[in-house]
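Below is one structure, written out as structure tokens; the observations come after it.
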Protein chains: 2
Amino acid sequence: MKPKKNTGQNARDRILDVSEELFANGSFASVSVRAVTSKAAVNLSAVNYYFGSKQGLFQAVYVRRATLMNHERLRLLHEADEAAQAQGRDVTLRDLISAMLTPPIYWLCDEDKGFSVYIRFLARSYLEEASDMDNVLRQEVDVFARFVPYFQNIKPELSEEDVYWRIHFIMGVMHHTINHLHRISLLSHKACKKEPWETTRDRLVAFCCEGF
Amino acid sequence: MKPKKNTGQNARDRILDVSEELFANGSFASVSVRAVTSKAAVNLSAVNYYFGSKQGLFQAVYVRRATLMNHERLRLLHEADEAAQAQGRDVTLRDLISAMLTPPIYWLCDEDKGFSVYIRFLARSYLEEASDMDNVLRQEVDVFARFVPYFQNIKPELSEEDVYWRIHFIMGVMHHTINHLHRISLLSHKACKKEPWETTRDRLVAFCCEGF
DNA sequence: ACCTGTTTAAAACATACGTTTAGAATAGGG
DNA sequence: CCCTATTCTAAACGTATGTTTTAAACAGGT
């Protein structure tokens, strides 16, 4: 009768949290429903009860926080846009790329919240053949489409195709960093140390700005 | 008694070819031994006979062509180095990055050979938790280590850490392109068309050169 | 032909999987 | 308190999994 019991950590949320983490570290097929339910300390059938199927659970994990990050990106874009207009200048390339990369990188390195896990989950999802991953991507695609006119305004000589290719490359740098930040030390023959997230973000933004 | 029967397509090779393709399109856990053997038209137990286990098969797929690509990279590096020395100049940034990216991108877009499949397999392997993937990566890491002095020679102001971060970013752009080339159209709102591999390579190299 | 090592075949094994079912426990409103 | 909808539990179902076993087929050398 009542719409929802939203008191702290009910079974549903616990399942989402746990499966978010497991899906972030392993592929869809490699994570079993039993692993999720046992780690979440709920009954095996809870997944099917709340989400219908394992696939339904996966999509629920995605949906839960997807819009937040993209809204944050658009918020940063508008913020930069208004600041630029106030000063009677154009938005800078750095503003745009920073607006795209700051939310995920900030969340990735923010160890307190569960967002860090979600970012890794998201990056991995890109490789998941889970049938409707194309639909899942569409939201992010639409957000980036909003950035395109700004890019073209700054670099009018670029075709739309050029812009999209460069955005594609930026996503590549971002995803790779998300997926392999934990072994950057190995990949660099121990040359790279742990550093604050702003430093990592700045490296990323600098590389992408120049590349663009 | 005889060392090996290398006549064309024996069962072992057929298994390797098929599983290479399946592992390129799906995660380790999502590809079943039965799917491999049935598609390869061999008996179910052939995988365990030849490779000991499913894991053994996966590593065998990796090992089969891993050294080739890295040798090709080093070959291009030496080629550029000698050409530069002959003209009494330094190797260019473009030479270095092109040497890293040309082999995988060329193979990726070469539809005749099975290498295209392998490149996608490789890119996906990076996300596989298959226990010793860190060892698997080491070979590629070692190859890139050979590039580092050249980069530092061109840009002496960069620390070793800086160089490795930039190489890391280049890998990101490359892997992302490999993994998502098939849906670049979707990601770009249909703005990006199919194009010859050299064009794609040049986009990549240009982006990475500027970013570096 | 015989022997020897290699390869293929069919069947079975034990376990893990996602999902379903039927019923008990729980909670809140009347 | 009773009623109803929701949540949770335990057990089972059918199937798919990786691997093992046993033996047959095959090949090449002597």
Side-chain angles (χ1 to χ4, degrees), chain A residues 1-23 25-62 64 121 125 128-133, chain B residues 1-23 25-62 64 121 125 128-133:
Chain A
M1 277 263 178
K2 271 179 113 185
K4 192 60 75 59
K5 207 52 175 333
N6 218 358
T7 81
Q9 278 281 81
N10 47 8
R12 212 188 108 100
D13 290 336
R14 232 170 325 131
I15 292 175
L16 284 174
D17 288 342
V18 164
S19 52
E20 187 173 69
E21 183 182 339
L22 294 183
F23 283 142
N25 294 323
S27 66
F28 178 79
S30 78
V31 175
S32 71
V33 175
R34 283 172 166 84
V36 171
T37 54
S38 82
K39 186 162 189 180
V42 300
N43 190 269
L44 169 60
S45 48
V47 161
N48 294 81
Y49 175 71
Y50 283 111
F51 307 102
S53 67
K54 187 187 178 184
Q55 276 256 26
L57 169 61
F58 187 86
Q59 290 174 209
V61 170
Y62 171 77
R64 185 163 63 147
F121 163 84
S125 304
E128 211 62 65
E129 54 195 325
S131 60
D132 47 1
M133 213 57 224
Chain B
M1 278 268 181
K2 271 178 113 187
K4 191 63 73 66
K5 207 59 174 329
N6 219 0
T7 82
Q9 278 282 79
N10 48 6
R12 211 187 109 101
D13 290 337
R14 234 169 326 129
I15 293 176
L16 283 174
D17 287 343
V18 165
S19 52
E20 186 174 69
E21 183 182 340
L22 294 183
F23 283 142
N25 293 325
S27 65
F28 178 78
S30 79
V31 174
S32 71
V33 175
R34 281 172 168 84
V36 171
T37 54
S38 84
K39 185 161 190 181
V42 301
N43 190 266
L44 170 60
S45 47
V47 161
N48 295 82
Y49 173 73
Y50 282 111
F51 308 100
S53 68
K54 188 186 178 186
Q55 275 255 28
L57 168 61
F58 186 87
Q59 290 173 209
V61 170
Y62 170 77
R64 185 163 63 145
F121 162 84
S125 304
E128 211 60 65
E129 52 194 327
S131 61
D132 48 0
M133 214 54 224

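Throughout, protein chains are lettered first and strands after them, A, B, ... in sequence-line order, and every chain is numbered starting at 1. Only a predicted model underlies this, so the values are computations on that prediction, with no experimental measurement involved.
Closest approach of R14(B) to V42(B), counting heavy atoms only: NH1-CG1, 3.8 Å.
Remark: of the listed residues N48(B), V31(B), I15(B), I15(B) is the sole one forming a side chain to side chain contact (heavy atoms under 4.5 Å, CB included) with L57(B).
Using a 4.0 Å heavy-atom cutoff across all strands shown, A46(A) reaches no nucleic acid atom at all. Within the 4.0 angstrom heavy-atom criterion, only backbone atoms of the sugar-phosphate kind lie near V31(B); the bases stay farther away. Looking at heavy-atom distances under 4.0 Å, S53(B) makes contact with sugar-phosphate atoms alone, never a base.
Nearest nucleotide to the side chain of N43(A), out of dA10(C), dT9(D), dA12(D): dT9(D). Candidate nucleotides dC8(D), dT8(C), dT21(C) were compared by shortest atom distance to the side chain of Y50(A), and dC8(D) ranks first. Comparing dT8(C), dT19(D), dT19(C) against the side chain of N48(B) picks out dT19(D) as the nearest. Side-chain proximity of R34(B) to dC8(D), dG18(D), dG18(C): nearest is dG18(D).
In this structure, F51(A) atom CZ and dT19(C) atom C1' are separated by 16 Å, rounded to whole Å. The separation between Q55(B) atom CD and dT17(D) atom P is 17 Å, rounded to whole Å. When the P atom of dT15(C) is taken as reference, atom NZ of K54(B) falls 19 Å away, rounded to whole Å. One can place CZ of R12(B) at 14 Å from P of dT6(C), the figure rounded to the nearest angstrom. Taking atom CG of L44(B) as the reference point, atom P of dG18(D) lies 9 Å away to the nearest angstrom.
Nearest-nucleotide mapping onto DNA chain C: of G52(A) and A11(B), the residue sitting toward the 5' end is A11(B). Comparing R14(A) and V33(B) along DNA chain D, the residue whose closest nucleotide (by nearest heavy atom) sits nearer the 5' end is R14(A).
Considering only side-chain N and O atoms, S32(A) lies under 4.0 angstrom from the phosphate OP1 or OP2 of dC17(C). Regarding contacts with the backbone of dT9(D), every side-chain N or O of Y49(A) stays at 4.0 angstrom or more from both OP1 and OP2.
Taking CZ of F58(A) as the reference point, atom CZ of F51(A) lies at 13.5 Å (rounded to 0.5 Å).
In summary, K39(A) and D17(A) do not engage in a salt bridge, as defined by a charged side-chain N under 4.0 Å from a carboxylate O.
The aromatic rings of F23(A) and F28(A) sit parallel to each other, their planes meeting at less than 30°, with 60° as the upper class boundary.
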